[in-house]
Chemist: 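Quick one: the structure is below, and I'll ask about it shortly.
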Amino acid sequence: MRKLSDGFRARRTFQILGNKTKSLRVIGVNSGTSCDGLDLALVEFAPDKLPRLLFSKTYSYPREIRESLLSADDPGLIDGEHWMRLDSELGKLTGKLISGFLSIIKKRRLTPDLIASHGHTIRHLPGKKSASFTLQIGDPAQMAEITGLAVISDFRKSDIAAGGQGAPLSPLLHQKLFRSQTRFRAVVNIGGIANITVLPPARSRIKPFAADCGPGNMVIDGAMKILYGRQYDKNGETAARGDADKKAVNQVVRLKFFKSPPPKSTGRERFGNRFVEKVLDKCNEYRPEDIIATISEITVRAIADFISRYAPKTEELYLCGGGAGTKFIVQRLNNLLRGIDILSTSDLGYDPDYIEAMLWAYLGHCFIVGTRIDSSRFTGAKKTYIPGKLCLP
Ligand SMILES: Nc1ncnc2c1ncn2[C@@H]1O[C@H](COP(=O)(O)OP(=O)(O)O)[C@@H](O)[C@H]1O
Ligand SMILES: [Mg+2]
């Protein structure tokens with residue numbers, strides 16, 4: 001990679017920073033709590049237009065990295081040295097994968113201006129009254145060095161510094177892309193965790209709000225690994241073969257987290273391995289497919305209960321994230337939420353697998369053009385803020 005002179009680097013960045021009217025192309029980089037891989041999305045931001053996804057690709061993580069991330073995520077294990085090594089290793093790997101992505105988009109004559117990376121969350125400790133803490137790894141300095149592009153990162157810490165919980169942030173993009181003038185909509189991102197954004201019509205006096213509503217695929221993936229040695233339940237086929245134990249599901253969705261009002265956020269600390277083991281202990285006499293059906297039903301009920309409790313006027317529910325394509329989940333939501341259209345964000349022209357990566361691109365763009373973010377209704381932030389930190393190559 002050709003080294004740019006310091007003067008050129010600074011000039012280039014300030015040129016971008018100073019020119020708010022120019023179109024910008026940002027590579028959004030997402031590593032979700034599922035630890036399945038890295039999502040890259042090249043997004044164009046043109047003045048007075050909605051963000052547009054130009055090209056996207058997911059790179060599955062090599063098994064060792066996936067295992068390392070999963071072990072770093074384990075709330076029972078605090079190993080500073082492991083985290084430091086992984087921070088650097090993941091930064092380098094991400095840089096290399098982005099370089100491959102750059103070669104592909106170059107052939108399509110697409111040139112990015114910068115990178116916006118979420119990193120990988122290894123701890124997320126939201127505090128309702130006290131301070132919140134969050135830690136994303138995947139060193140942006142390594143990415144900038146390897147790719148030769150500026151990298152904006154650490155968006156959640158900006159939110160926490162402004163008094164918020166640091167999550168969920170995806171509602172910031174959901175409200176921009178998906179709010180209707182006339183219809184009551186909600187968007188659910190089913191990743192490792194399921195988060196929901198409630199979008200009353202733009203003309204209504206009710207403002208959008210959001211929350212993490214419970215586990216998405218995290219518990220299903222954890223149980224599939226223990227019971228079947230598989231990474232996930234493809235299309236929900238195992239769950240569809242089983243019978244969910246309604247009583248066990250009811251016991252779980254009665255827990256305090258599910259009932260507490262928004263804003264709220266959560267992570268692997270609550271729904272990680274320990275939670276999976278507890279559920280498996282309770283269900284140890286069931287057939288494996290019944291366990292998977294029961295766990296999948298917890299995801300579905302958490303979403304449906306949230307809507308019934310906090311957004312009963314919802315007319316259209318748009319799904320995105322890896323779980324959005326799971327037939328079992330879509331069917332059960334259809335059964336539980338009669339009268340609500342269960343759709344995909346692709347019905348509104350946005351690929352459900354890249355909404356999160358687009359979000360980081362959007363926040364990176366906000367950083368560059370100096371747009372202040374108001375996430376108060378989503379994360380509880382007390383002030384507006386410019387999201388992220390800059391790392392130059
Ligand atoms: N065909 C599929 N059938 C069922 N589940 C799937 C399928 N494809 C992906 N998934 C689920 O989606 C998860 C990845 O979703 P993703 O949105 O990337 O989550 P995260 O943001 O947490 O990484 C996988 O771990 C898996 O559980
Ligand atoms: Mg993912």
Side-chain angles (χ1 to χ4, degrees), residues 28-41 56-63 65-67 69-70 73 90 93-94 97 117-122 124 136-138 155-156 167-170 173-174 187-196 212-242 265-273 276 289 292-293 295-296 298-300 303 318-333 344-346 350-360:
V29 184
N30 186 52
S31 179
T33 45
S34 300
C35 304
D36 57 325
L38 196 73
D39 307 320
L40 302 184
S56 57
K57 190 167 163 63
T58 295
Y59 294 86
S60 293
Y61 280 137
R63 200 173 55 86
I65 282 281
R66 188 179 144 78
E67 296 296 327
L69 289 174
L70 283 168
D73 280 5
L90 187 63
L93 174 68
T94 305
L97 295 176
S117 170
H118 172 253
H120 186 87
T121 299
I122 54 169
H124 181 72
Q136 283 74 42
I137 59 164
F155 301 106
R156 298 195 190 277
L169 295 178
S170 49
L173 184 64
H174 294 168
V187 182
V188 178
N189 172 41
I190 311 178
I193 295 294
N195 63 281
I196 181 162
D212 283 351
C213 56
N217 302 311
M218 187 180 281
V219 186
I220 309 172
D221 288 359
M224 282 302 291
K225 190 170 171 206
I226 294 170
L227 298 172
Y228 292 92
R230 280 192 239 143
Q231 205 167 313
Y232 60 88
D233 180 17
K234 194 162 175 244
N235 301 326
E237 283 159 9
T238 314
R241 277 192 281 114
S265 62
T266 190
R268 211 170 267 286
E269 294 75 17
R270 191 184 303 271
F271 294 115
N273 286 345
V276 175
E289 59 268 40
I292 300 298
I295 286 172
S296 305
I298 293 171
T299 292
V300 172
I303 296 168
Y318 290 91
L319 306 182
C320 57
T326 310
K327 235 164 113 190
F328 175 84
I329 290 183
V330 177
Q331 260 172 14
R332 286 295 300 138
L333 284 173
S344 156
T345 56
S346 61
Y350 287 92
D351 187 331
D353 289 328
Y354 294 97
I355 306 289
E356 290 269 289
M358 284 186 78
L359 164 69
W360 312 124

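If you're wondering where the values come from, they're calculated on a predicted model, not measured in any experiment. Atoms within a ligand are numbered from 1 in the order they appear, just like the ligands themselves.
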Chemist: What N/O/S atom of D36 gets nearest to the Mg ion (ligand 2)?
Modeler: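 Per the distance ranking, D36 contributes OD1 as its closest N/O/S atom to the Mg ion (ligand 2).
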Chemist: Tell me which one of N189, L173, N30 satisfies side-chain contact (heavy atoms from CB on, under 4.5 Å) with L359.
Modeler: L173
Chemist: What class does the angle between the rings of H120 and Y61 fall in, given that below 30° is parallel, 30 to 60° is tilted and above 60° is perpendicular?
Modeler: perpendicular
Chemist: After noting the C-alpha distance and the side-chain angles of D212 and S265, does the key distance pass the side-chain hydrogen bond (donor to acceptor under 3.5 Å, both in side chains) rule?
Modeler: CA-CA 5 Å; D212 283 351; S265 62; 4.6 Å; no
Chemist: Looking at R270, E269, R268, which hits side chain to side chain donor-acceptor pair (under 3.5 Å) with T266?
Modeler: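 One option only clears the test, and that one is R270.
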Chemist: Does K225 make a cation-pi contact with Y228, if we ask for NZ or CZ under 6.0 Å from the ring centre and within 45° of the axis?
Modeler: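 Ring-cation test returns no.
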Chemist: Pairs under 3.5 Å, N/O atoms on ligand 1 and on the protein: can you put them in a table with the distances?
Modeler:
| residue | atom | partner | partner atom | Å |
| --- | --- | --- | --- | --- |
| ligand 1 | 1 (N) | N235 | OD1 | 3.3 |
| ligand 1 | 3 (N) | N235 | N | 2.7 |
| ligand 1 | 10 (N) | G322 | O | 3.4 |
| ligand 1 | 12 (O) | N217 | ND2 | 3.2 |
| ligand 1 | 15 (O) | G322 | N | 3.3 |
| ligand 1 | 17 (O) | G322 | N | 2.7 |
| ligand 1 | 18 (O) | D36 | OD2 | 3.1 |
| ligand 1 | 19 (O) | S34 | OG | 3.1 |
| ligand 1 | 22 (O) | T33 | N | 3.2 |
| ligand 1 | 22 (O) | T33 | OG1 | 3.3 |
| ligand 1 | 22 (O) | S34 | N | 2.9 |
| ligand 1 | 22 (O) | S34 | OG | 2.8 |
| ligand 1 | 22 (O) | G192 | N | 2.8 |
| ligand 1 | 23 (O) | D36 | OD1 | 2.9 |
| ligand 1 | 25 (O) | D221 | OD2 | 2.7 |
| ligand 1 | 27 (O) | D221 | OD1 | 2.7 |
| ligand 1 | 27 (O) | D221 | OD2 | 3.0 |

Chemist: Just by distance, with hydrogens left out, do N195 and S170 show a side-chain donor and acceptor under 3.5 Å apart?
Modeler: yes
